[in-house]
Amino acid sequence: TMGLSDLQIQQKGYSVGPHQMCGIEIVQRAADISELVLWISSLQRHYKVHGNITPPESLLQLSRSVECRDALLIRDADGSVRRAAPWPKADYIVGNPPFIGSQRMRSALSDSYTEALREVYTELPGNIDYIMFSIELSHGVRACAKYTLFQTIINTIQVRQSTKDH
């Protein structure tokens, strides 16, 4: 829909709504807030595009599209780790996993959680940062290869900052 006006998007029958979003958040309060933000954003978008027309019933209800769970591990009722957590199929992923360096994972997440990550994701190097597990799941590409992506982003930011100074 890039380059299309709101009217053109509407005429083509394209739509984006909370029912198309899937979220994973480990903290219940944060999951509830995320759900609310999706809902409010959808209502704002509706009124921007359609004016003061009453939204459809589906838009008036919370979509419950943000799951409250661990994004990386599935646990049994007794707390023992069972397997890697499934992620929903998606065309786009927007995420903000915490950056916790490999040296700080045990103190920040606990010894048992760090060990569980390493046991479940045996195909990943043992010295990667926490965020790299999410990158592995989100892209299905070897996590260590993604470091190139981070370096590209950093280089782009540095170039933009240096051109602003001149």
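Across all their heavy atoms, Ser65 and Leu38 have their closest contact at OG-CD1, 3.8 Å. Closest approach of Ala31 to Cys68, counting heavy atoms only: CB-CB, 4.2 Å. Looking at every heavy atom in both residues, Val66 comes nearest to Ile24 through CG1-N, 4.5 Å. Nearest approach of Leu72 to Tyr121, heavy atoms of both residues: O-OH, 2.6 Å. Taking all atoms of both residues into account, the shortest heavy-atom contact from Tyr47 to Pro55 is OH-CD, 3.2 Å. Smallest separation of non-hydrogen atoms from Ala108 and Ile100: CB-CG2, 3.9 Å.
When the side-chain contact (heavy atoms from CB on, under 4.5 Å) test is applied to Arg118, the partners found at least two apart in sequence or on another chain are Ser102, Met105, Thr114, Ile128, Phe133. Every residue was checked against the side chain to side chain donor-acceptor pair (under 3.5 Å) condition with Asn127, not counting sequence neighbours, and none meets it. With sequence neighbours excluded, the residues satisfying side chain to side chain donor-acceptor pair (under 3.5 Å) with Asp78 are Ser80.
Glu119 contributes atom CD, which lies 10.0 Å from atom OG of Ser112 (distance to the nearest 0.5 angstrom). Taking CG of Asp70 as the start and CZ of Arg75 as the end, the distance is 6.5 Å to the nearest 0.5 Å. The distance from the CD1 atom of Ile74 to the CZ atom of Arg69 is 5.5 Å, given to the nearest 0.5 Å. Rounded to the nearest 0.5 Å, atoms OH (Tyr113) and CG (Leu117) are 4.5 Å apart.
Hydrophobic cluster of Val37: the remaining members, joined at side-chain heavy-atom separations below 4.5 Å, are Ile33, listed by chain and number. The hydrophobic cluster analysis finds Ile53 isolated: no Ile, Leu, Val, Met, Phe, Trp or Tyr side chain comes under 4.5 Å of it, directly or through other members.
Cluster membership check: Ile131 does not share its hydrophobic cluster with Val27, using side-chain heavy-atom separations under 4.5 Å among Ile, Leu, Val, Met, Phe, Trp and Tyr. A single hydrophobic cluster is not seen to contain both Ile26 and Phe99; linkage of ILVMFWY side chains at heavy-atom distances under 4.5 Å, directly or through other members, places them apart.
Sorted by first then second residue, the salt bridge (Lys or Arg N to Asp or Glu O under 4.0 Å) pairs that include residues 96-112, not counting sequence neighbours, are Arg106-Asp111, Arg106-Glu115.
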